[in-house]
2 protein chains.
Amino acid sequence: MSRPTMETVAERAGVSRALVSLVMNNSSKVSEAKRQAVLRAAEQLGYRPNLHARNLAQARTKTLGMIINDIHNPFFAEVVYGVEAAADDYGFDVLILNGGRDAERERRAVETHLQFQVEALILVGPKLDDDDIIRASAVVPTVVVASGRDNPGADTITTDEERGAALAVQHLVELGHTDIVHIDGAANISSRARSRGYEKAMRSLGLEPRILRGGDDEADAEAAIVNLAETDSMPTAIFAFNDLVAAGALSTLEAAGLRVPDDVSVVGYDNTFIAELNHMSLTTVNQPRHQMGQLAIRTVLERIEDDRTEPTRIDLAPTLSVRRSTAPPRKA
Amino acid sequence: MSRPTMETVAERAGVSRALVSLVMNNSSKVSEAKRQAVLRAAEQLGYRPNLHARNLAQARTKTLGMIINDIHNPFFAEVVYGVEAAADDYGFDVLILNGGRDAERERRAVETHLQFQVEALILVGPKLDDDDIIRASAVVPTVVVASGRDNPGADTITTDEERGAALAVQHLVELGHTDIVHIDGAANISSRARSRGYEKAMRSLGLEPRILRGGDDEADAEAAIVNLAETDSMPTAIFAFNDLVAAGALSTLEAAGLRVPDDVSVVGYDNTFIAELNHMSLTTVNQPRHQMGQLAIRTVLERIEDDRTEPTRIDLAPTLSVRRSTAPPRKA
DNA sequence: CGTAAGATTTAGAGCGCTCTAACGCAATTG
DNA sequence: CAATTGCGTTAGAGCGCTCTAAATCTTACG
């Protein structure tokens with residue numbers, strides 16, 4: 001009942017174990033006759049090579065370990081596709097472990113991957129802290145995708161989020177807005193850069209920045225906007241930390257009797273699935289996620305092969321996806 | 001530069017390799033003194049057990065292989081969380097491979113998992129056909145989650161989709177609707193059951209079913225509704241194949257000057273992320289995804305341990321999540 | 001004290017595969 | 001025809017670990 005091994009196949013085909021190995025790795029120095037015999041035997045027995053044995057013998061695995069902050073998040077999904085496409089090209093398998101938005105879980109995931117002897121680690125939006133990342137990259141080449149900060153020891157692929165925020169501001173100003181409020185991401189890792197980008201852009205255009213504390217979901221947006229309505233003046237445009245916050249802004253504004261984009265324009269960030277929905281149709285800052293995934297693989301594999309030691313940092317340019325949530329301000 | 005092995009640790013701690021093994025598997029029959037010595041040596045060397053060697057020696061892996069139809073789809077993500085939670089309880093690791101909506105890719109993923117000697121296979125919304133599934137379950141216990149049909153040889157975890165559709169109809173009828181149109185899922189695997197549920201429910205309530213061909217995204221909904229507006233009469237309620245189609249209905253209806261739910265009520269299916277957004281607030285049929293994931297693990301692991309041979313089928317009950325996209329029909 | 005029972009520790013084989021070195025054999029060559 | 005070459009094939013060691021059986025060390029008791 002236990003699975004057939006090379007030994008079994010060899011016997012059946014009337015050859016040595018070594019020859020079966022050669023056939024399985026389709027070596028060129030096997031006669032056509034024997035190759036056929038071996039393949040036939042393997043087929044009949046339902047033979048399947050044992051990857052653990054192979055990895056052990058070869059002392060390499062041709063496998064990459066990827067950890068995703070949160071499988072739920074469609075932003076990361078896109079990165080995964082990029083990673084897989086590139087890994088395919090290089091003949092590597094990608095094993096995915098779910099971080100579950102939890103540093104402790106991620107730490108265990110790193111451990112699992114290392115025990116599996118993955119040849120590189122791809123961390124997508126990790127919650128891990130610097131020490132964890134240093135420790136990991138001491139063992140195996142590591143690349144971090146889409147995390148604002150610098151990652152000591154690891155390669156980093158990001159987009160320039162300051163620039164992304166500036167794109168949003170610029171778009172609104174070109175439409176004629178001058179009173180633009182930013183709802184920030186609170187403690188979120190990307191919040192700092194986006195806020196800074198917003199602030200710089202506003203100042204350089206001679207406008208006064210107004211930043212409200214937000215967060216990363218709909219409820220946070222609601223709180224911020226209720227606050228605006230009650231104690232502050234309502235701006236003509238809102239630049240939200242991300243699409244979800246922007247979605248919250250949309251519904252809260254409408255609940256308050258304000259129309260988007262007629263009364264208030266709204267811009268999001270990330271160009272997630274949400275923004276694309278017709279019913280939302282959010283103008284938003286887009287990050288080239290697929291490309292980020294691809295570059296992550298290239299970078300880290302190139303690091304293996306050329307054994308470069310200095311970590312690289314790649315900063316891609318964000319773009320703006322204009323949809324129906326922005327328009328010129330109502331003529332006063 | 002190569003990683004330390006048990007041998008290395010043993011030398012450093014001044015004990016035998018076997019003792020290190022015992023410590024690593026925290027056996028109770030090791031003296032405290034040696035245990036400490038070994039742990040210290042391991043720590044200092046940064047020792048990490050090689051899972052491939054262990055799996056090879058043990059002839060088992062304590063690893064489960066999961067294949068997800070499409071990482072993008074948030075519906076599946078929730079299932080993943082359920083699977084992981086349950087697998088944790090049993091001390092199994094879960095390796096995830098992305099099917100990428102493509103049967104061929106899935107087939108390769110199955111192969112990879114089998115070569116990794118996973119002890120069971122969890123297929124979430126697979127695109128594979130019956131033969132593939134039969135072949136896989138001949139090698140390793142297999143459970144299929146969220147796929148309408150019967151899966152020969154494999155365990156199956158689904159919800160009763162006919163019943164889900166009936167819930168939607170019933171809700172609308174209770175609100176007072178009688179003219180309810182269904183936009184179906186075209187070739188989608190779940191379409192048949194949902195349509196049938198709709199039709200039966202309508203008939204049993206003495207209402208005339210009207211089914212339009214839809215699909216599984218926004219554009220499909222738009223086509224169907226434009227059709228309704230132009231050639232047919234507009235109903236007072238629409239039951240869509242899934243949330244995305246419902247979202248498409250929402251925007252198309254509004255573009256046509258109809259208000260939801262004042263003029264037309266809309267019900268979706270799946271209770272995805274979209275439905276929850278405040279701005280959408282879709283009434284929708286909910287499947288207990290987390291529970292489905294958990295049951296998948298329980299079922300398949302119990303199958304390993306009790307070596308049951310007959311495949312099981314578990315059909316969970318869907319529920320209705322009522323939100324703001326449904327209301328009584330406008331009084332005529 | 002001697003020794004049996006129990007508690008710790010270890011030697012060594014084996015898991016399924018790859019890889020190096022060597023082997024057998026036919027074809028080629030001087 | 002002996003020697004060389006080269007192709008196809010194979011023996012056998014070794015990858016890092018677990019596991020069984022046996023060795024060694026303690027402890028306790030008569």
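Numbered from 1 within each chain, the chains take letters A, B, ... in sequence-line order. Remember, it's a predicted structure, so these values are computed and weren't measured experimentally.
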Considering just the side-chain nitrogens and oxygens of B/Ser31, establish if one lies under 4.0 Å of OP1 or OP2 belonging to C/dT9. yes
Whether the side chain of B/Arg17 and the base of C/dT9 hold a donor-acceptor pair under 3.5 Å is what I'd like checked. no
Tell me the interatomic distance from B/Leu51, atom CG, to C/dC15, atom C1', rounded to whole angstroms. 15 Å
To the nearest angstrom, how far is B/Arg35 atom CZ from C/dA7 atom P? 16 Å
Report yes if a side-chain nitrogen or oxygen of B/Asn25 is closer than 4.0 Å to either non-bridging phosphate oxygen (OP1 or OP2) of D/dT18; otherwise report no. yes
Out of C/dC17, D/dG16, D/dT9, which nucleotide sits closest to the side chain of B/Ala53? D/dG16
Write down the distance between CZ (A/Arg54) and P (D/dG14), rounded to a whole number of angstrom. 22 Å
Over 60° means perpendicular and under 30° means parallel, so tell me whether A/Phe116 and B/Phe116 are parallel, tilted or perpendicular. perpendicular
If I take atom CG in residue B/Leu22 and atom P in nucleotide D/dG16, what distance separates them, rounded to the nearest angstrom? 20 Å
Under-4.0 Å side-chain N/O to phosphate OP1/OP2 contact, A/Thr5 with C/dG16: no
Does A/Gln58 make a side-chain N or O approach to OP1 or OP2 of D/dC15 shorter than 4.0 Å? no
Taking atom types as modelled, find out whether A/His72 and A/Asp70 have a side-chain donor-acceptor pair closer than 3.5 angstrom. yes
Start at the 5' end of DNA chain C and walk down; is the nucleotide closest to B/Leu56 or to B/Val30 reached first? B/Val30
Under 4.0 angstrom, heavy atoms only, what part of the nucleic acid is B/Ala18 near: base, sugar-phosphate, or nothing? base
Look at atom CD of A/Glu43 and say whether more than 12 heavy atoms of other residues, nucleotides or ligands are closer to it than 6.0 Å. no
Spacing of B/Lys34 atom NZ relative to D/dT24 atom P, expressed in whole Å: 14 Å
Ignoring backbone atoms, test whether B/Ser21 places a side-chain nitrogen or oxygen under 4.0 Å from the OP1 or OP2 oxygen of D/dC17. no
A/Asn26 atom CG is separated from C/dT18 atom C1', nearest whole Å, by 15 Å
Donor-acceptor pair, distance only, cut-off 3.5 Å: does the side chain of A/Asp102 make one with the backbone of A/Glu104? yes
From the set D/dC15, D/dG16, C/dT10, return the single nucleotide nearest to any side-chain atom of B/Asn50. D/dG16
Just checking, any donor-acceptor pair under 3.5 angstrom between side chains of A/Gln117 and A/Thr61? no
Rounded to the nearest Å, what distance is computed from the NE2 atom of residue A/His52 to the P atom of nucleotide C/dG14? 22 Å
Go through D/dT9, D/dC17, C/dC17 for me and flag the one nearest to the A/Pro49 side chain. C/dC17
Of the listed nucleotides (C/dT10, C/dC17, D/dT10), which one gets closest to any side-chain atom of A/Ser16? D/dT10
Rounding to an integer number of Å, can you tell me how far A/Leu19 CG sits from C/dG24 P? 17 Å
